[in-house]
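Note sheet for the following structure.
So you know, we letter chains A, B, ... as the sequences are listed, proteins then strands, and number each from 1.
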2 protein chains.
Amino acid sequence: MNAPTKPKTKRGKTRREQILRAAERVIGQRGFTDASIAEITREAGTALGTFYIYFSSKEEVFRELVAEMGHMTRAVLAEATTPADSRLQAEYLGLKAFLRFVADHPALYRIVEEARFVDPEAYKDYFTSFAEAYRRQLNRATQTETIRPGNAEVRAWALMGMAKTLGERYVLWGESDDLDQIADDAFDLIRHGLEP
Amino acid sequence: MNAPTKPKTKRGKTRREQILRAAERVIGQRGFTDASIAEITREAGTALGTFYIYFSSKEEVFRELVAEMGHMTRAVLAEATTPADSRLQAEYLGLKAFLRFVADHPALYRIVEEARFVDPEAYKDYFTSFAEAYRRQLNRATQTETIRPGNAEVRAWALMGMAKTLGERYVLWGESDDLDQIADDAFDLIRHGLEP
DNA sequence: TCAAAACATGAATTATGATTCATGTTTCAT
DNA sequence: ATGAAACATGAATCATAATTCATGTTTTGA
C-alpha cells in the first residue's frame with residue numbers, strides 16, 4: 001500500500017519493466033477486472049509478491065500504462081504530422097497514423113478506453129491533454145485561414161471521437177484489411193467539413 | 001444460475017421492475033464492478049435473495065439494461081428525426097436529440113459504454129444495429145443526391161463516434177450549459193462534410 | 001375456502017483474488 | 001571481501017461479494 005520507490009539496481013529496473021510489460025499484455029488481453037496479479041507475475045516470470053515491490057496496487061500499474069500510452073500517442077502523432085504543409089494534410093496523416101497505431105497496439109488502446117471506468121482521472125487527463133493540443137492546432141489554422149472559422153474545441157473533440165470510433169470498429173473489431181481506405185473515406189468527410 | 005422465468009403475478013412484475021430500476025440507478029452511479037447486489041436490493045426495498053428470483057446474475061440485469069437502452073435510443077432518434085425534410089436536417093435534429101437524451105439519462109448512457117468491457121456482445125449489438133440503420137439512411141440520401149456520394153458505412157461510424165464523444169465530453173463531464181450551441185458548432189462540421 | 005404455485009427473506013455458503021509478511025538471496029559500495 | 005541495502009519468494013491472511021437455500025408468506029385458480 002505504501003508507494004514503492006523507484007528501483008535502485010539494474011536488476012530492479014529490469015524486473016519492474018518485465019512486470020509492466022506483462023501487465024500490459026495481461027490487462028490488455030483480459031481486461032482490468034479479469035486480469036490477476038498472479039497471472040501478471042506468472043507472465044513476467046517472477047513470484048507473486050515481487051509485484052508489490054514495484055507497484056502498490058493493481059490500479060497503480062494500470063494508471064502507469066495509461067500515462068505511458070498518453071506519451072506514446074502524442075509522440076506518434078506529432079511525428080506523423082510534422083511533414084504536413086497544411087492543416088488538412090496534418091488531419092489526413094494524423095488519422096492514418098492513429099489507425100495504424102491502434103492496429104499495432106490493440107492491447108494498449110483497450111487499456112486507455114477501459115480507464116474511463118477503472119481510473120476516470122487518468123482517462124480524463126489522457127483525452128483532455130490531447131484535446132488541448134489539438135484545439136491549439138485547429139485555432140492556429142483558423143487564424144491562418146487554412147480552414148473555415150469554427151469552434152476549435154468542439155471540433156477537436158468531434159474529430160477525436162471520429163478517430164476513436166473508427167479505430168474501435170475497423171481496427172479492434174477487425175473486419176477491415178484496408179485501413180488506408182477507411183482513412184480515405186473518413187477524410188472526405190473531414191476535408192469538406194473543415195475546408196474554407 | 002438457472003434462467004428465472006418471467007413473473008406470473010402482478011406483484012412479481014412490479015418487483016422485477018423495481019429491481020431493474022434500482023439496478024439502473026446503482027450500476028449507473030457506481031459502475032458495474034462497484035455496484036453490489038446488496039445495494040441494488042436495498043435501493044429496491046427488497047431482500048437480497050429476491051434479486052435471484054428475477055435475474056440469474058449481475059451480468060444479466062446489466063445485459064437487459066443495455067438492450068433496453070438500445071430500444072430507447074432508437075425510438076428517441078427515430079421520433080426526433082421524422083419531421084426532417086432532408087438528410088442534413090435529420091442529422092441536425094438527431095444530434096441535438098441525442099445530446100439531450102444523454103443529458104436526461106446519464107446513468108443509462110454510462111452503462112452502454114461500460115458494456116464494452118462487461119458484455120462486449122451486448123455492446124457490439126447496440127452499436128452495430130444502430131450503425132446499420134444509420135448507414136441505410138445515409139445511403140438513401142446519397143442516391144437521392146441529397147448529400148455528396150461517399151462510403152455510407154464509414155460515415156455512419158464516424159458520425160456516431162462524433163456524437164458519442166461530444167456527449168461524453170460536454171454532457172457527462174458537464175462543463176457546458178448550452179448543449180444546443182455545441183450541437184450547432186458540431187453540425188457546421190457535419191453539414192459541410194456531407195453537403196453535395 | 002384451500003392447496004398449489006409464486007414470491008420473499010436474509011443468514012450461511014463459496015469463490016476469488018488482492019495484499020501482506022517472514023524468510024531467504026543478490027547486489028554493490030567501501 | 002563483506003555487510004548493509006535491495007530485491008525475491010510464495011504461503012498465509014483478509015476482504016469482499018456473488019450466489020444459494022431452508023424457511024416463511026402471499027397470491028391465485030378451482
Worksheet item: Quick one: what's the B/S/- string for nucleotides 25-30 of chain D, heavy-atom cutoff under 4.0 Å, read 5' to 3'?
Response: -SSS--
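- Side-chain proximity of Leu48(A) to dA8(C), dT20(D), dG10(D): nearest is dG10(D).
- Residues Glu91(A) and Arg87(A) are paired through a salt bridge, judged by an N-O separation under 4.0 Å between the basic side chain and the carboxylate.
- In this structure, Glu24(A) pairs ionically with Arg21(A), as a charged nitrogen and a carboxylate oxygen lie closer than 4.0 Å.
- A salt bridge between Arg63(A) and Glu59(A) is absent, with no side-chain N of the basic residue lying under 4.0 Å from a carboxylate O of the acidic one.
- Note: Tyr134(A) and Phe127(A) fail the aromatic proximity criterion, with ring centroids not under 6.0 Å apart.
- For the residue pair Gln181(B)/Asp185(B), the side-chain donor-acceptor check at 3.5 Å is satisfied.
- No donor-acceptor contact under 3.5 angstrom links the side chains of Ser57(B) and Tyr52(B), judged on distance only.
- Look at Arg136(A) and Glu132(A) and you find a salt bridge, because one of the NZ, NE, NH1 or NH2 atoms lies within 4.0 Å of a carboxylate O, short of that distance.
- The overall bend of the helix from dT1(C)-dA30(D) to dT30(C)-dA1(D), read as the angle between its terminal helix axes built from five base pairs each, is 20° when rounded to 10 degrees.
- Ion pairing between Glu153(A) and Arg169(B) holds under the 4.0 Å rule for side-chain N and carboxylate O.
- A heavy atom lying under 4.0 Å from DNA chain C marks the following residues of residues 33-47 of chain B, by number: Thr46(B), Ala47(B).
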